[in-house]
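Below is one structure, written out as structure tokens; the observations come after it.
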Amino acid sequence: MSDTPKPPDVSLQIQIDDDVANGQYVNMALLNHTETEFTLDFIYVQPHQPRAKVRSRVILNPKHLKRLLAVIQEGVSKHEERFGPIVLSEEGRH
């Protein structure tokens, strides 16, 4: 038996403001990076409009981005198992 004490269970309570909980619809994302940060811009583009607006910007360090990528890949796999393949258009935009 180990004499090493177990760390106490820590629960994290996450709060979300109403406007954030409602979410934002986006149909475009841009990714930029430096050696130490990745910046994700989520954008809504209206058809036939010359301008688009960034709805949200998220800045992550490389380790967090890689973890996020893994979670997204797992989520897409589970979605496709349940609902079938997600087919991209030839341009890869839709």
Inset, instruction - Kindly indicate, with the supporting measurements, whether the criterion side-chain contact (heavy atoms from CB on, under 4.5 Å) is fulfilled by Ile86 and His79. - result: CA-CA 9 Å; Ile86 300 169; His79 182 279; 3.8 Å; yes
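- Hydrophobic clustering places Leu65 together with Ile72 (ILVMFWY residues linked when any side-chain heavy atoms are closer than 4.5 Å, directly or through intermediates).
- Side-chain heavy atoms closer than 4.5 Å link hydrophobic residues (I, L, V, M, F, W, Y) into clusters, and following such links, even through other members, never connects Val71 to Val58.
- The hydrophobic clustering, which links ILVMFWY residues whose side-chain heavy atoms are closer than 4.5 Å, places Val26 and Leu68 together.
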Inset, instruction - Show your working on side-chain contact (heavy atoms from CB on, under 4.5 Å) between Glu80 and Val76 and close with a plain yes or no. - result: CA-CA 6 Å; Glu80 289 183 324; Val76 168; 4.0 Å; yes
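- Using a 4.5 Å cut-off on side-chain heavy atoms (C-beta onward), Leu40 and Phe42 make contact.
- Listed for the Asn27 side chain is a donor-acceptor partner under 3.5 Å among the backbone atoms of Val45.
- A donor-acceptor contact shorter than 3.5 Å is absent between the side chain of Asp17 and the backbone of Val20.
- When all heavy atoms of Pro62 and Glu37 are compared, the pair lying nearest together is CD-N, 4.3 Å.
- Cluster annotation: Leu88 and Phe83 are assigned to distinct hydrophobic clusters (Ile/Leu/Val/Met/Phe/Trp/Tyr, side-chain heavy-atom contacts under 4.5 Å, transitive).
- Nearest heavy atoms, Arg55 versus Tyr44: NH2-CD2, 3.1 Å.
- Distance check, rounded to the nearest 0.5 Å: CD of Gln46 to CZ of Arg51 gives 11.5 Å.
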Inset, instruction - Would you please test Asn32 and Phe38 for side-chain contact (heavy atoms from CB on, under 4.5 Å) and show each step? - result: CA-CA 6 Å; Asn32 290 296; Phe38 282 84; over 6 Å; no
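- Tested against Ile43 for a side chain to side chain contact (heavy atoms under 4.5 Å, CB included), the candidates Met28, Gln24, Arg57 yield a single pass: Met28.
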